Chemist: 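One structure, as structure tokens, below. Some questions next.
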Amino acid sequence: MNTKYVHIKSTSYYIIVCILLIFEKSTNYTSLAMLLVIGISIFLLLMRKTNFADVCMTGLILPGEVWVLLMLLISLSALLIKEQKLIIPVCYTKIKLCLIVIILLSILNTICIGGLYNTLFYFFYLFFVLFFALSYRENVHERYLYEICIALCWVQFVLVVLEIFITRRIVPGDNYYGSLKDAHEFGVWLLFMITFMGYHLKSSNSIRKSITLCTTFACLLMLYLADAKHVVLAYLMGLFLYSILYIIKIKKKIIAAIVLFSIVAFYIGIFTLESPFVKQFIEQNSNGFSIYLYDNNYNYKYHYFYGTISEDLTGIHFLTGYGLGKYGSRGANLFAYNIMYRNQNALNRFIEAHFSPFYINEYKKYAEVYTDNLVQNIKWRSAVLTYPFSSFLAFIAENGIIGVFCWSIITSCLFKNSNRKLLFSFFVMVCLFDLYIDRINVIGTLIILLSAKNKDSRVNEKNSFYNAFSPSRRC
């Protein structure tokens with residue numbers, strides 16, 4: 001198959017996706033639009049007119065977890081089933097040993113605390129994420145992925161322009177979220193794209209460089225409209241941490257170093273803010289703004305942070321945690337439906353209908369803050385400070401230091417060859433503010449961008465990278 005043919009067909013796929021997303025946003029016929037996207041993706045895959053990587057990255061920008069998961073499963077099927085044979089991803093011995101330790105810790109905590117269904121639900125979610133990462137590891141070429149990202153950024157730009165016409169104003173806020181239905185997730189996705197494309201600015205191809213600059217500018221404009229201030233702050237924090245580690249020449253184990261330094265800095269920062277001298281200084285010199293840090297009526301998240309590390313995450317729990325799905329993660333929140341607000345999506349309704357509620361007392365005092373009344377009045381507050389959850393803290397509290405160490409080894413094994421580890425540093429920082437580990441479209445996008453095969457430095461710039469690929473082969 002010649003390269004021009006592949007390029008035209010890939011472009012046509014994104015034009016069709018863009019039209020269907022415009023239809024969905026204009027009419028709110030989400031189910032119909034998403035079924036058409038899925039149907040067309042399957043048809044083009046069967047006809048070998050598109051690629052599993054195109055389907056995967058497109059699926060990760062769809063509105064709604066059901067559609068995202070369906071597209072990921074379709075993409076994985078196209079990747080792993082070749083000539084009616086199933087290809088099993090390679091799993092390193094280190095990863096297997098770390099998983100055994102994590103499973104043993106979860107079993108121990110379940111025996112001592114309970115919450116079997118919480119553990120099973122969250123373990124299967126993390127296992128799917130790990131399987132997804134192992135399957136895609138170095139199976140997508142960076143240059144091919146670059147073209148996909150360019151196409152999807154312009155699809156999102158068209159949708160944001162449509163949102164401007166719908167709202168009839170250009171004011172930064174939560175009304176601008178592209179196809180993702182959440183401005184904060186949209187902000188994270190945009191910064192993923194901006195960072196990934198930034199690695200291509202040094203290309204010797206002037207056309208490629210011009211396209212990258214124009215797309216980056218469009219992404220920056222969308223990021224400004226999305227008004228995801230905490231996402232930008234997290235990016236600056238991640239960039240600062242990554243720069244320090246790079247300066248002190250920690251490169252080989254930089255992923256583990258990012259996790260370790262983040263945890264140490266988190267503990268030092270929280271306990272410093274609680275020291276009498278610092279607390280008094282801030283209260284006396286902040287002109288009243290200290291209430292947004294120390295007052296529980298304004299900042300539930302800080303109360304959650306300090307209470308967890310000073311009261312709950314001590315003793316044996318500091319080492320072993322409370323177990324997967326029991327403290328702060330989505331698994332914990334799903335089964336605590338009788339003490340906290342839960343929206344009425346299909347998964348929440350299913351859990352409520354078929355499983356008894358479960359929560360541990362240590363987590364109850366934070367979960368029960370998130371009530372219907374709080375959600376209804378959150379527009380008058382800072383949503384980031386009011387939302388009393390954090391993937392960063394939940395991950396530590398559920399896994400303990402031993403579990404976090406094991407996950408760090410797993411992540412280091414998966415992405416040891418990636419030259420885009422700044423993305424991981426940013427992801428760790430943004431997890432301080434929300435449950436981004438539990439959002440499959442966010443963590444899925446991160447995995448794909450980190451997993452891309454980076455062996456294109458010797459390829460002639462005059463030859464299209466599509467020469468190396470066809471929809472019937474792996475990327």
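What you are looking at is a predicted structure, and each value in this text was computed from that prediction instead of being measured.
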Chemist: What residues, two or more places apart in sequence or in another chain, satisfy salt bridge (Lys or Arg N to Asp or Glu O under 4.0 Å) together with Lys94?
Modeler: none

Chemist: In the structure I gave you, are the side-chain heavy atoms of Asp312 and Tyr327 within less than 4.5 Å of one another anywhere?
Modeler: yes

Chemist: Kindly compute the distance separating OG (Ser412) from NZ (Lys253), expressed to the nearest 0.5 Å.
Modeler: 6.5 Å

Chemist: Could you please spell out the steps behind the side-chain contact (heavy atoms from CB on, under 4.5 Å) verdict for Asn51 and Val140?
Modeler: CA-CA 10 Å; Asn51 191 283; Val140 182; over 6 Å; no

Chemist: Does Ala256 offer a backbone N or O that forms a donor-acceptor pair with the side chain of Ser408 under 3.5 Å?
Modeler: no

Chemist: Can you confirm whether more than 12 heavy atoms, excluding those of Tyr337, are under 6.0 Å from its OH atom?
Modeler: yes

Chemist: Taking all non-hydrogen atoms of both residues into account, name the closest pair between Phe271 and Ser310 and its distance.
Modeler: CE2-CB, 4.2 Å

Chemist: For residues Phe335 and Phe355, establish whether the separation of their ring centroids is below 6.0 Å.
Modeler: yes

Chemist: Is the count of non-hydrogen atoms from other residues, nucleotides or ligands lying under 6.0 Å from Lys365 atom NZ greater than 12?
Modeler: yes

Chemist: With a 6.0 Å cut-off on the ring centroids, do Tyr177 and His184 count as close?
Modeler: no

Chemist: Can a side-chain donor-acceptor contact be found between Ser106 and Thr119 if the only test is distance below 3.5 angstrom?
Modeler: no

Chemist: Does Tyr117 have more than 12 heavy atoms from other residues, nucleotides or ligands lying within 6.0 Å of its OH?
Modeler: no

Chemist: If every non-hydrogen atom of Phe186 is compared with every non-hydrogen atom of Leu180, which pair is closest and at what distance?
Modeler: CA-CD1, 3.7 Å

Chemist: What do the steps show when you test Leu241 against Ser262 for side-chain contact (heavy atoms from CB on, under 4.5 Å), and what is the final call?
Modeler: CA-CA 8 Å; Leu241 174 60; Ser262 300; 3.3 Å; yes

Chemist: Please identify which of these residues, Lys301, Arg439, His230, meets the side chain to side chain donor-acceptor pair (under 3.5 Å) condition with Asp434.
Modeler: Arg439

Chemist: Roughly how far apart are Tyr246 OH and Ile248 CD1, rounded to 0.5 Å?
Modeler: 13.0 Å

Chemist: How many angstroms lie between OH in Tyr322 and CD1 in Ile360, if you round to the nearest 0.5 Å?
Modeler: 6.0 Å

Chemist: Quick check: do Phe389 and Met340 have side-chain heavy atoms less than 4.5 Å from each other?
Modeler: yes

Chemist: I want to check something: taking the side chain as every heavy atom from C-beta on, are Ile309 and Ile396 in contact at a cut-off of under 4.5 Å?
Modeler: no

Chemist: For Pro63 versus Ser179, what's the shortest heavy-atom pair and its separation?
Modeler: CB-O, 3.3 Å

Chemist: So does Ile437 get a backbone contact from the side chain of Ser391, meaning a donor-acceptor N/O pair under 3.5 Å?
Modeler: yes

Chemist: According to ring-ring contact (aromatic ring centres under 6.0 Å, His included), who are the partners of Phe132, at least two apart in sequence or on a separate chain?
Modeler: Tyr136

Chemist: Please tell me whether Tyr300 and Tyr370 form a close aromatic pair, meaning their ring centres lie under 6.0 Å apart.
Modeler: no

Chemist: Please check: side-chain N/O of Arg137 versus main-chain N/O of Leu414, any donor-acceptor pairing under 3.5 Å?
Modeler: yes

Chemist: Taking C-beta and beyond as the side chain, do Leu393 and Phe305 meet within less than 4.5 Å on heavy atoms?
Modeler: yes

Chemist: Working to the nearest 0.5 angstrom, can you tell me the gap between Asn109 CG and Glu398 CD?
Modeler: 9.5 Å

Chemist: Before you tell me yes or no, could you show the steps for Ile61 and Met71 under side-chain contact (heavy atoms from CB on, under 4.5 Å), namely the whole-Å CA-CA distance, both residues' side-chain angles and the distance that decides it to 0.1 Å?
Modeler: CA-CA 10 Å; Ile61 69 164; Met71 288 287 277; over 6 Å; no

Chemist: Give the C-alpha distance, both sets of side-chain angles, the deciding distance and a yes or no for side-chain contact (heavy atoms from CB on, under 4.5 Å) between Tyr122 and Leu334.
Modeler: CA-CA 10 Å; Tyr122 204 56; Leu334 273 173; over 6 Å; no

Chemist: Using the salt bridge (charged side-chain N to carboxylate O under 4.0 Å, His left out) rule, collect all pairs that involve residues 401-426, keeping only residues at least two apart or in two chains.
Modeler: Glu142-Arg420

Chemist: So, taking the atom named CG in Leu80 and the one named CZ in Phe131, what distance separates them when rounded to the nearest 0.5 Å?
Modeler: 5.0 Å

Chemist: Which pair of heavy atoms, one from Cys153 and one from Met222, lies closest together, and at what distance?
Modeler: O-CE, 3.7 Å

Chemist: Quick one: does any side-chain atom of Thr50 pair with a main-chain N or O of Leu44 as donor and acceptor, under 3.5 Å?
Modeler: no

Chemist: Does Phe121 reach the side chain of Leu324, with side-chain heavy atoms less than 4.5 Å apart?
Modeler: no

Chemist: Within the distance-only criterion (no hydrogens, no angle test), does the side chain of Asn348 pair as donor or acceptor with the backbone N or O of Asn343 below 3.5 angstrom?
Modeler: yes

Chemist: Is it true that Tyr242 and Phe426 have ring centroids separated by less than 6.0 Å?
Modeler: no

Chemist: So how far is it from Cys149 SG to Gln156 CD, rounded to the nearest 0.5 Å?
Modeler: 11.5 Å

Chemist: Measure centre to centre between the rings of Phe392 and Phe266, then say whether the value is under 6.0 Å.
Modeler: yes

Chemist: Under the 3.5 angstrom rule, does the side chain of His354 hit a backbone N or O of Phe350 as a donor-acceptor pair?
Modeler: yes

Chemist: Under 4.5 Å between any side-chain heavy atoms of Ile194 and Phe217, yes or no?
Modeler: no

Chemist: Thr215 pairs by side chain to side chain contact (heavy atoms under 4.5 Å, CB included) with which of Ile211, Leu213, Thr212?
Modeler: Ile211

Chemist: Locate the shortest heavy-atom distance separating Ile268 from Thr272; write the atom from each residue and the value.
Modeler: O-OG1, 2.6 Å

Chemist: Report yes or no: is the cationic atom of Arg143 (NZ for Lys, CZ for Arg) closer than 6.0 Å to the six-membered ring centre of Tyr146, at no more than 45° off its axis?
Modeler: no

Chemist: Any side-chain to backbone donor/acceptor pair from Asn118 onto Lys326? Under 3.5 Å, distance only.
Modeler: no

Chemist: Anything under 30° is parallel, anything over 60° is perpendicular, the rest tilted; go ahead and classify Phe424 against Phe427.
Modeler: tilted

Chemist: Say whether, by atom type as modelled, one donor and one acceptor occur between the side chain of Thr411 and the main chain of Trp407 under 3.5 angstrom.
Modeler: yes

Chemist: Can you confirm whether Thr308 sits close enough to Tyr363 that some side-chain heavy atom of one is under 4.5 Å from a side-chain heavy atom of the other?
Modeler: no

Chemist: Heavy atoms, side chains only, cut-off 4.5 Å: are Val259 and Phe405 in contact?
Modeler: no

Chemist: Cut-off 3.5 Å, side chains only: do Tyr302 and Glu274 have a donor facing an acceptor?
Modeler: yes

Chemist: When you look at CZ of Phe128, are more than 12 heavy atoms from neighbouring residues, nucleotides or ligands closer to it than 6.0 Å?
Modeler: yes

Chemist: Grab the two heavy atoms, one from Ser329 and one from Gly325, that are nearest each other, plus how far apart they are.
Modeler: OG-CA, 3.5 Å

Chemist: Is the distance between the ring centroids of Phe157 and Trp154 under 6.0 Å?
Modeler: yes

